[in-house]
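What follows is one structure encoded as structure tokens, with my remarks underneath.
Numbered from 1 within each chain, the chains take letters A, B, ... in sequence-line order.
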Number of protein chains: 2
Amino acid sequence: MGEAYEPRSGCPINATIEMFGDRWSLLVLRDIIFGDRRYFRELQAGSEEGIASNILADRLKRLVESGLLTREDTRPGQRARYSLTEPAIQLVPVFAQLGSWGLRHRPTSRALRLRAELLEQGGPALWHEFMDELRREHLGSESPARSPSVRERLNAAYLAATNSS
Amino acid sequence: MGEAYEPRSGCPINATIEMFGDRWSLLVLRDIIFGDRRYFRELQAGSEEGIASNILADRLKRLVESGLLTREDTRPGQRARYSLTEPAIQLVPVFAQLGSWGLRHRPTSRALRLRAELLEQGGPALWHEFMDELRREHLGSESPARSPSVRERLNAAYLAATNSS
DNA sequence: ACCTGGCGGTGGTAAATTGCAAGCACTATG
DNA sequence: CATAGTGCTTGCAATTTACCACCGCCAGGT
């Protein structure tokens, strides 16, 4: 994977799977999108699944090469911020469907399930509101911010569940 | 992967990725769902991406173990038919979103792109019609069949594109 | 100048996965 | 009896993945 290589077939589903069809790429993007993690160590330390540092480094590099992330270029030793690109932001509906399927057919923890449930209930309208929010944060687009943000709502539900259980 | 193992985390997205997060599982399901391939050699010979027989055998076994497919049990030497289960049928919206993303952000061939475009234009209504169709074919549920079927429509568009180009 | 802690990684190694080519046991057909 | 077709299985080499420890760089404090 990585840069622009030739896909095995011209099928859109295959072409997508070839970019994300591994155990980590989508999880890294998930943490950036829903967890608002922008820096290497934030991503590593906050990882639910415990990603190893070299795998995280490799995936970040591939995601940058394939145009899903941009990396603020800094001198070595200084922390660099990663930002989503428009293609990555458009993965929100994919995440919503993956989450919906998972909460119906896989064992999940109550707190983490809530995000997927809210995204499902909110439907495409909520997804697009969230995508606009991500464009503001990551692309610096100039559109009015609503409050509370979608992520704040998702996190509030998560926190409420972890405290009350 | 395979049978019911403990997921790395309780996140629905991760739980889903752990089932399909490889380069072949989803493609096998795609061919069964959209290509109506039900037998081992049909799947191997018709594969756009050229799956090897041992990998196909492994993935079919895992998909059966994890409850996404059922295998008609036959005497050895006789061909066995694979059928989708309800969880697998509910992957249709996931495929639709993966296809939509792929045709916007990845190079795809015109003919194969059409299926994804039709699924996108049809929206959730078409997805559910298609899922009902799959339930009839694979689960033997008793509901009235419409004509032409969704798959017939998808394939007709595909064939029209391959002939005219 | 020097230490300290945070920063984004790299290297070594072992395990798992993949892909290719053959072959196998069985059944149905002629 | 031979042939073709069924769903796989077996070796084996090559690649990929993953875990662990460790590294060099820079900023800030003293």
* Asked: Between D:dT17, C:dG19, D:dG7, which nucleotide gets closest to the side-chain atoms of B:Y82?
  -> D:dG7

* Asked: Can you tell which of C:dT17, C:dG8, D:dC8 lies closest to the side chain of B:R62?
  -> C:dT17

Protein-nucleotide distance ([X], atom [atom1]; [N], atom [atom2]), rounded to Å:
X     : N      : atom1 : atom2 : result
A:R8  : C:dG19 : CZ    : C1'   : 11 Å
A:L27 : D:dA18 : CG    : P     : 10 Å
A:L56 : C:dT10 : CG    : C1'   : 13 Å
B:R37 : D:dG7  : CZ    : P     : 14 Å
B:I55 : D:dT10 : CD1   : P     : 16 Å
B:D22 : D:dT16 : CG    : P     : 16 Å

Please list, one pair per line, the donor and acceptor atoms closer than 3.5 Å that link side chains of residues 124-132 of chain A to other protein atoms, with sequence neighbours excluded.
unit_1: A:W127; atom_1: NE1; unit_2: A:L119; atom_2: O; d: 2.9
unit_1: A:W127; atom_1: NE1; unit_2: A:G123; atom_2: O; d: 3.4
unit_1: A:H128; atom_1: ND1; unit_2: A:P124; atom_2: O; d: 2.9
unit_1: A:E129; atom_1: OE2; unit_2: A:R153; atom_2: NH2; d: 2.6
unit_1: A:D132; atom_1: OD1; unit_2: A:R135; atom_2: NH1; d: 2.9

So which protein nitrogen or oxygen atoms get under 3.5 Å of nucleotides 1-4 of chain C's nitrogens or oxygens?
none

* Pick base, sugar-phosphate or nothing for B:R81, based on heavy-atom distances below 4.0 Å to the nucleic acid. => nothing

* Pairs touching residues 36-61 of chain B that satisfy ring-ring contact (aromatic ring centres under 6.0 Å, His included), sequence neighbours left out -> none

* To do: Would you mind listing every ring-ring contact (aromatic ring centres under 6.0 Å, His included) that reaches into residues 50-83 of chain A, with sequence neighbours excluded?
  => none

* Asked: Under 4.0 Å between a Lys/Arg side-chain N and an Asp/Glu carboxylate O for A:D22 and B:R23?
  -> no

* Asked: In B/S/- notation, 5' to 3', how is nucleotides 22-30 of chain C contacted by protein heavy atoms closer than 4.0 Å?
  -> B---BSS--

* To do: Please determine if a side-chain N or O atom of B:R71 lies less than 4.0 Å away from the OP1 or OP2 oxygen of D:dC8.
  => yes

* To do: Report yes if a side-chain nitrogen or oxygen of B:W24 is closer than 4.0 Å to either non-bridging phosphate oxygen (OP1 or OP2) of C:dG19; otherwise report no.
  => yes

* To do: Applying salt bridge (Lys or Arg N to Asp or Glu O under 4.0 Å), name anything that partners B:E117, two or more places apart in sequence or on another chain.
  => B:R113

* By salt bridge (Lys or Arg N to Asp or Glu O under 4.0 Å), which residues pair with A:R38, not counting sequence neighbours? -> none

* Asked: Hey, which of these two, A:E42 or B:G50, hits DNA chain C nearer its 5' end, going by closest nucleotide?
  -> A:E42

List the atom pairs, donor and acceptor, that lie under 3.5 Å between side-chain atoms in residues 91-101 of chain A and the rest of the protein, sequence neighbours left out.
unit_1: A:S100; atom_1: OG; unit_2: A:A96; atom_2: O; d: 3.1
unit_1: A:S100; atom_1: OG; unit_2: A:E120; atom_2: OE2; d: 2.8
unit_1: A:W101; atom_1: NE1; unit_2: B:P87; atom_2: O; d: 2.9

* Determine which pairs satisfy salt bridge (charged side-chain N to carboxylate O under 4.0 Å, His left out) with at least one residue from residues 42-54 of chain B, sequence neighbours left out, and list them in order. => B:R30-B:E49

* To do: Mark yes or no for whether A:T108, through its side chain, and A:L103, through its backbone, hold a donor-acceptor pair below 3.5 Å.
  => no

